[in-house]
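Data block below; observations after.
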Amino acid sequence: MANQLRVFPRRKKRIMRAVKNTRTPYGLDIIESCVTCPLKLDRIFCDLSPRALVMLDNISSSATYPKGAILFVEGQEPRGVFILCSGRVKLTASSADGKSLIMRIADSGEIVGLPGTVSGKPYELGAEAIEPLQANFIPRELFLQFLRENGEAALKVAQLLSEIYHATCREVRYLGLSGSAAEKLARFILDWAASHGDVKSEGRVILTLTHEEIAEMIGASRETVTRLFAEFKRKRLIEVRGSTLVISNKIALQQILKA
């Protein structure tokens with residue numbers, strides 16, 4: 001198996017040289033290698049030793065995907081993991097009547113398909129690109145072998161699994177502990193600002209999710225989310241400027257949770 005970790009480098013370099021000389025798809029800034037990635041110091045899984053990064057690069061296959069692309073579906077046998085170089089993916093659970101619930105939004109630098117790949121059980125969630133993205137795919141057996149040979153990477157995977165667990169707990173809190181739709185939305189806004197906000201601009205956060213996607217995250221209808229956003233803006237709890245959301249009255253939002 002160890003020899004398999006070195007099968008792909010020459011072929012991959014030829015592909016990357018070809019990509020570099022063509023127009024980039026979907027307007028993405030293509031990241032050509034894990035080793036030379038300019039963002040690797042900001043990513044939980046990319047901040048590895050040079051040796052580990054080379055091994056990771058050798059077993060990865062890079063591709064770009066349009067918005068709406070399906071990386072895998074709920075119940076599918078795990079083929080491997082996708083490391084998101086850029087773009088975001090929504091991870092959803094679906095019911096028999098077609099209703100969807102967004103369990104988590106995976107950002108750039110994260111790994112999707114990780115629980116199923118590690119456990120060998122079918123993917124519990126479906127993964128769909130919510131914007132154009134670039135991702136590195138690693139087949140399951142090569143990924144597991146990589147973890148066996150790199151304790152540093154295995155520890156980071158454990159950290160990411162812990163984050164997935166906490167994100168799932170937050171989703172359960174939205175659905176089970178929040179009484180009203182207003183409370184669910186207030187909790188969502190506060191949690192989103194805490195995890196995605198700019199530390200230099202407190203209360204200001206980029207929110208590119210649609211009302212439909214927010215509704216799928218908090219277990220409400222799109223119409224309810226739209227109505228509540230209008231109500232929060234009218235009460236001057238928040239401001240919305242394009243894709244930027246500003247929390248104008250954090251205390252009032254927190255009081256909704258206690259009502």
Side-chain angles (χ1 to χ4, degrees), residues 65-71 73-74 84 87-108 110 112 124-133 163-199 201-259:
Y65 303 85
K67 178 180 178 180
I70 304 298
L71 301 186
V73 298
E74 183 179 352
L84 305 183
R88 295 176 301 153
V89 167
K90 64 179 180 181
L91 299 159
T92 60
S94 301
S95 64
D97 59 1
K99 293 182 179 179
S100 294
L101 181 66
I102 298 178
M103 299 299 294
R104 192 168 67 90
I105 300 291
D107 292 310
S108 299
E110 292 192 45
V112 294
E124 292 188 348
L125 304 172
E128 179 182 341
I130 59 176
E131 58 194 25
L133 63 88
E163 290 183 7
I164 292 172
Y165 166 78
H166 287 295
T168 303
C169 287
R170 285 197 301 271
E171 183 61 31
V172 171
R173 187 167 69 241
Y174 290 144
L175 301 177
L177 301 181
S178 299
S180 66
E183 185 178 347
K184 292 178 181 180
L185 183 59
R187 191 184 298 277
F188 167 80
I189 290 172
L190 292 170
D191 283 355
W192 188 271
S195 59
H196 295 80
D198 185 349
V199 294
S201 302
E202 186 176 357
R204 185 184 302 270
V205 62
I206 299 298
L207 180 61
T208 57
L209 299 176
T210 66
H211 287 186
E212 180 71 28
E213 289 167 336
I214 295 172
E216 290 178 0
M217 292 189 73
I218 67 174
S221 68
R222 180 191 59 78
E223 293 79 9
T224 296
V225 169
T226 298
R227 175 179 58 80
L228 286 173
F229 261 102
E231 181 179 325
F232 285 6
K233 288 190 287 185
R234 186 174 65 253
K235 292 180 178 179
R236 297 184 178 179
L237 306 184
I238 62 173
E239 297 177 38
V240 179
R241 305 166 186 167
S243 62
T244 300
L245 183 146
V246 180
I247 297 178
S248 306
N249 194 335
K250 184 177 181 179
I251 294 176
L253 281 176
Q254 293 171 332
Q255 288 174 342
I256 293 176
L257 306 184
K258 301 175 182 178

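We use all heavy atoms of the structure for the numbers below, so side chains are in, but hydrogens, waters and symmetry mates are not. By convention here, the first residue in the shown sequence is residue 1. Note that the structure is predicted; figures quoted are calculated from it, not measured.
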Original post:
How many angstroms lie between atom OG1 of Thr210 and atom CD1 of Ile130, to the nearest 0.5 angstrom?
Top reply: 8.5 Å

**OP:** Output the distance between atom CG (Leu71) and atom CG (Leu133), rounded to the nearest 0.5 Å.
**Re:** 6.0 Å

Original post:
Any side-chain heavy atom of Phe188 within less than 4.5 Å of one from Leu207?
Top reply: yes

Subject >> Ser108 (side chain) donor-acceptor with Gly87 (main chain) under 3.5 angstrom >> reply: yes

Subject >> Among Glu213, Glu110, Arg88, side chain to side chain contact (heavy atoms under 4.5 Å, CB included) partner for Ile105 >> reply: Arg88

**OP:** Take Leu245 and Trp192, measure what side-chain contact (heavy atoms from CB on, under 4.5 Å) needs, and give me the verdict at the end.
**Re:** CA-CA 10 Å; Leu245 183 146; Trp192 188 271; over 6 Å; no

Original post:
Between Leu185 and Thr224, is any pair of side-chain heavy atoms under 4.5 Å apart?
Top reply: no

**OP:** Would you mind checking if Glu223 and Arg227 are paired as a salt bridge, meaning a charged N to carboxylate O distance below 4.0 Å?
**Re:** no

**OP:** Could you please spell out the steps behind the side-chain contact (heavy atoms from CB on, under 4.5 Å) verdict for Val240 and Phe232?
**Re:** CA-CA 10 Å; Val240 179; Phe232 285 6; over 6 Å; no

Original post:
Closest approach of Leu101 and Gly219, non-hydrogen atoms and distance?
Top reply: CD1-N, 4.2 Å

**OP:** Kindly check if the number of other-residue, nucleotide or ligand heavy atoms within 6.0 Å of CD (Glu131) is above 12?
**Re:** yes

Original post:
Looking at Lys184 and Ile218, what are the two nearest heavy atoms and their distance?
Top reply: CD-O, 3.1 Å

**OP:** Test side-chain contact (heavy atoms from CB on, under 4.5 Å) on Leu253 and Ile238 and set out the steps.
**Re:** CA-CA 9 Å; Leu253 281 176; Ile238 62 173; 4.2 Å; yes

**OP:** Looking only at non-hydrogen atoms, find the nearest pair between Ser94 and Ser100 and report the distance.
**Re:** OG-OG, 3.6 Å

**OP:** Of all the heavy-atom pairs spanning Ala106 and Val112, show the shortest one and how long it is.
**Re:** CB-CG1, 3.5 Å

Original post:
How many angstroms lie between atom NZ of Lys233 and atom CG of Leu228, to the nearest 0.5 angstrom?
Top reply: 12.0 Å

**OP:** Provide the closest heavy-atom pair for Ala252 versus Leu237 in the form atom of the first, atom of the second, distance.
**Re:** CB-CD2, 3.4 Å

Original post:
Which residues satisfy the side-chain contact (heavy atoms from CB on, under 4.5 Å) test with Glu128, sequence neighbours excluded?
Top reply: Ile70, Lys90

Original post:
Is Ile102 close to Leu209 at the side-chain level, that is, under 4.5 Å between some pair of heavy atoms?
Top reply: no

Subject >> Thr244/Arg204 under side-chain contact (heavy atoms from CB on, under 4.5 Å): CA gap, chis, key distance, verdict >> reply: CA-CA 7 Å; Thr244 300; Arg204 185 184 302 270; 3.5 Å; yes

Original post:
Can you tell if the side chain of Arg236 reaches within under 4.5 Å of the side chain of Asn249, non-hydrogen atoms only?
Top reply: no

Original post:
What pairs with Glu239 under side-chain contact (heavy atoms from CB on, under 4.5 Å), at least two apart in sequence or on another chain?
Top reply: Arg241, Val246, Ser248

**OP:** Determine the minimum heavy-atom distance between Thr208 and Ser243, stating which atoms define it.
**Re:** CG2-CB, 4.0 Å

